[in-house]
Amino acid sequence: MAKLERVRNIGIVAHIDAGKTTVTERFLFYSGRIHRMGEVHDGEAQMDWMPQEQERGITITAAATTLEWRGHELHLIDTPGHVDFTIEVERSLRILDGVVVVFCGVGGVEPQSETVWGQAEKFRVPRIAFINKMDRVGADFEGTLDQMRERLGAHPVRLQIPIGAEDAFRGVIDLFEMKAILWASSSEDQEPSIAEIPPELQEQAELAREVMVEAAADVDDAIADTYLEGREIEVADLRKAIRRGCVESRFIPVLCGAALRNRGTQPLLDAVVDFLPSPLDVLPAIGVVPRTEEPAERPAHVKAPASALVFKVQMEQGRKAVYLRVYSGRIRAGMDIFNPRVGKKEKVARLFKVHANRRERIEEAGPGDIVAAVGLKFAVTGDTLCAADDPIIFERIDSYEPVISRAVEARTLAEKDKLDFALEKISSEDPTFRVSEDEETGQTLISGMGELHLDIIIDRLEREYHVEARLGKPQVVHRETVLDSAEDEYVFERKSDDEQLFGKARVRVAPRERGSGMAFHVALPEGETISPALVESMMEGLHDAAVAGVSAGFPLVDVEVTLLRVGLREGATNNVAYRAAACEAFRRASKKASPALLEPIMAMEVIVPEEFMGEVIGDLNARGGQIEELGFRGGKRLVKAQVPMRQLFGYSTAVRSLTQGRANFTMCFHSFDRAR
């Protein structure tokens with residue numbers, strides 16, 4: 001186990017296709033963790049181990065690994081870039097000490113770049129930036145820095161500047177040593193050469209170094225004094241100041257390269273070690289004492305009480321693996337550990353270091369370690385595990401509400417139980433995936449963050465659980481009402497065996513205000529004496545009739561129903577007959593009262609950049625929506641609208657396409673209203 005000051009818990013985050021996994025593969029290769037680099041486009045990347053990742057060339061699940069560089073132990077998590085899997089980024093950032101944010105030199109600050117940047121801000125995680133793909137046509141180093149300032153509100157500080165761009169990109173200038181680092185080819189075993197700065201870039205390099213020194217002087221008084229006195233600043237002191245500024249999130253150190261051509265990743269590894277914090281450089285983990293809610297903290301020390309946070313649960317071959325970030329104390333294989341959420345002890349059967357989908361068994365883990373544990377029955381994402389005699393609860397990991405739902409069914413009745421079992425297992429590991437049953441239609445509904453998310457779930461059902469399932473649109477549940485007032489009566493008369501059955505009722509229906517529900521009244525003529533039991537039976541008949549309307553059989557809503565008259569016949573009084581008479585009189589009156597179908601209307605809030613607001617409003621109008629309010633939220637525009645539910649299937653994909661993925665939305669049921 002490395003000393004804590006030589007541990008780095010880092011993640012790599014970015015917009016999809018910016019090159020996160022390619023950077024990770026280079027980290028693994030140059031550190032000696034692997035001996036052959038796999039490429040994402042070939043489906044051979046070490047960290048993209050799921051078949052779905054290899055086929056699609058994207059990262060779906062956050063994958064952890066451990067590597068060594070310059071005597072330091074790096075625990076690294078490679079995260080997805082697709083918005084459907086943003087929970088993987090969220091829960092990873094919750095337990096990391098530092099992050100490498102990868103930007104595409106061509107695309108600059110892309111939509112998901114903004115999302116992951118905001119997540120890092122939320123957890124106050126120090127960052128360094130790597131501007132990738134400097135060899136691509138259209139690469140713009142300075143333009144990407146400008147976008148970081150404008151879109152992210154960041155303060156980037158260049159540690160390097162590129163030598164050339166696009167096809168001419170061949171190296172970088174190290175602003176600490178004021179030397180050129182050159183790569184002669186894209187061979188993976190090449191060593192960069194150190195040379196003098198090209199004369200045509202000398203002035204640009206000096207200006208960039210001046211800006212870097214000024215940033216260091218802002219956080220280090222000694223450097224400020226040396227700088228003002230015009231004396232030479234020691235490189236070691238300059239590095240310490242840049243590290244301090246990075247750890248305190250005062251600015252963002254920026255490097256550049258072309259990971260696919262093996263250019264720039266070794267200096268990036270150096271920057272991870274030099275500038276990102278160790279567990280000792282960040283604040284102690286903060287939580288509360290169970291029941292008393294008193295504040296408590298856990299310093300990163302082996303002698304402190306044991307504490308860890310569950311940041312991920314994964315089902316592997318039917319067995320539950322729990323991923324932990326250990327904050328204090330020691331956790332050993334075979335020990336009991338307390339779960340304050342359920343108030344029970346759990347046994348840590350085995351512990352593992354993780355490399356993508358491969359594991360290495362270990363006997364114990366200490367502060368700063370990121371490990372997998374087997375044997376924990378109750379633990380779920382966000383749980384704290386701690387010493388029973390000194391418990392603590394850390395802040396839980398926020399989840400996201402699903403934005404899309406689809407109906408799912410097994411292909412055969414025999415597979416229904418297998419489907420239910422598999423869905424339960426998948427939902428236990430993915431906080432953004434929900435399973436429910438529509439009480440009215442009987443459909444099993446699965447909900448997630450987008451269409452790709454649900455497609456991956458269906459693929460996993462078949463590959464991992466051998467269940468074939470079909471996806472479909474959920475049936476939209478409607479309601480019925482009446483638009484006018486009407487009366488009608490019905491006489492129920494039957495002869496059963498030796499008994500004469502008779503019942504007569506007159507009923508009035510009238511519309512009520514939308515959303516007010518049903519109302520049932522009795523308004524019999526004065527002086528008419530009817531037994532309470534008989535009236536009760538007739539009211540039950542009216543309630544029965546309200547369950548299914550006369551248009552399409554959906555429940556009635558917003559209708560006032562009044563029992564006006566009861567016809568009696570001596571010797572033929574029967575509660576069942578009067579109940580049937582009231583029910584049919586209600587149905588006949590409803591047919592006369594202009595019955596109408598109501599559909600579910602969803603209340604929506606769409607948060608969108610100003611430049612895309614017109615497209616979003618136009619699309620909502622085309623879907624039959626009514627714009628309720630336009631406003632501002634968090635520097636973006638807010639659109640509130642009411643839209644028919646039937647028009648919103650596929651909306652998550654459509655709004656991302658309209659806004660380059662930069663819009664977010666929420667929706668919830670609002671009311672039933674007439675079909676538009």
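Keep in mind it's a predicted model, so treat the numbers as computed, not measured. Every heavy atom of this structure was used, including side-chain atoms; hydrogens, water molecules and symmetry mates were not.
- Residues that satisfy the salt bridge (Lys or Arg N to Asp or Glu O under 4.0 Å) test with R244, not counting sequence neighbours, are E248.
- Listed for the R26 side chain is a donor-acceptor partner under 3.5 Å among the backbone atoms of L260.
- A salt bridge is defined here as a Lys NZ or Arg NE, NH1 or NH2 lying under 4.0 Å from an Asp or Glu carboxylate O, and E429 with R460 meets this definition.
- Under the 3.5 Å distance criterion, the side-chain polar atoms of E166 are left unmatched by any main-chain donor or acceptor of D135.
- Judged by the 6.0 Å and 45° rule, R33 forms no cation-pi pair with F29.
- Proximity of a side-chain donor or acceptor of H75 to a complementary backbone N or O of I10 within less than 3.5 Å is not detected.
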message: Pair E114, R662 - check salt bridge (charged side-chain N to carboxylate O under 4.0 Å, His left out), show working.
response: CA-CA 8 Å; E114 297 179 46; R662 296 174 65 190; 3.1 Å; yes

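- Salt bridge annotation for R70-D270: present, with a cationic side-chain nitrogen under 4.0 angstrom from a carboxylate oxygen.
- Judged by the 6.0 Å distance and 45° axis criteria, R239 is positioned over the aromatic ring of F176.
- Separation of atoms CD (E232) and CG (D237) is listed at 11.0 Å; rounding is to 0.5 Å.
- Under the side chain to side chain contact (heavy atoms under 4.5 Å, CB included) criterion, D140 pairs with E142, not counting sequence neighbours.
- Under the 4.0 Å criterion applied to side-chain N and carboxylate O atoms, D336 and K347 are assigned as salt-bridge partners.
- Not counting sequence neighbours, the partners of E121 by the side chain to side chain contact (heavy atoms under 4.5 Å, CB included) test are W117, R127.
- There is a side-chain donor-acceptor pair under 3.5 Å between H355 and T65.
- A donor-acceptor contact shorter than 3.5 Å links the side chain of D383 to the backbone of V380.
- Between D174 and R209 there is no salt bridge, since no side-chain N of the basic residue sits under 4.0 Å from a carboxylate O of the acidic one.
- Formation of a donor-acceptor pair under 3.5 Å by the N339 side chain with backbone atoms of K345 is not found in this model.
- Across all non-hydrogen atoms, the minimal contact from R350 to A333 is CA-CB, 4.2 Å.
- When all heavy atoms are compared, the tightest approach of P299 to S328 is O-CB, 3.2 Å.
- No salt bridge links K377 with E346; every basic N to acidic carboxylate O contact stays at or beyond 4.0 Å.
- Expressed to the nearest 0.5 Å, how far CZ of F27 lies from CD1 of I12 amounts to 4.5 Å.
- Among all heavy-atom pairs drawn from I128 and C246, the shortest one is CG2-SG, 3.9 Å.
- Ion pairing between R243 and D281 holds under the 4.0 Å rule for side-chain N and carboxylate O.
- A salt bridge links E364 and R330; the closest N-O separation between the charged side-chain nitrogens and carboxylate oxygens is under 4.0 Å.
- Ion pairing between a basic and an acidic side chain is recognised when a charged N comes within 4.0 Å of a carboxylate O; E73 and R6 show no such pairing.
- Under the 3.5 Å distance criterion, the side-chain polar atoms of R94 are matched with a main-chain donor or acceptor of E395.
- The two residues P279 and N9 make their nearest non-hydrogen contact at CG-ND2, 4.0 Å.
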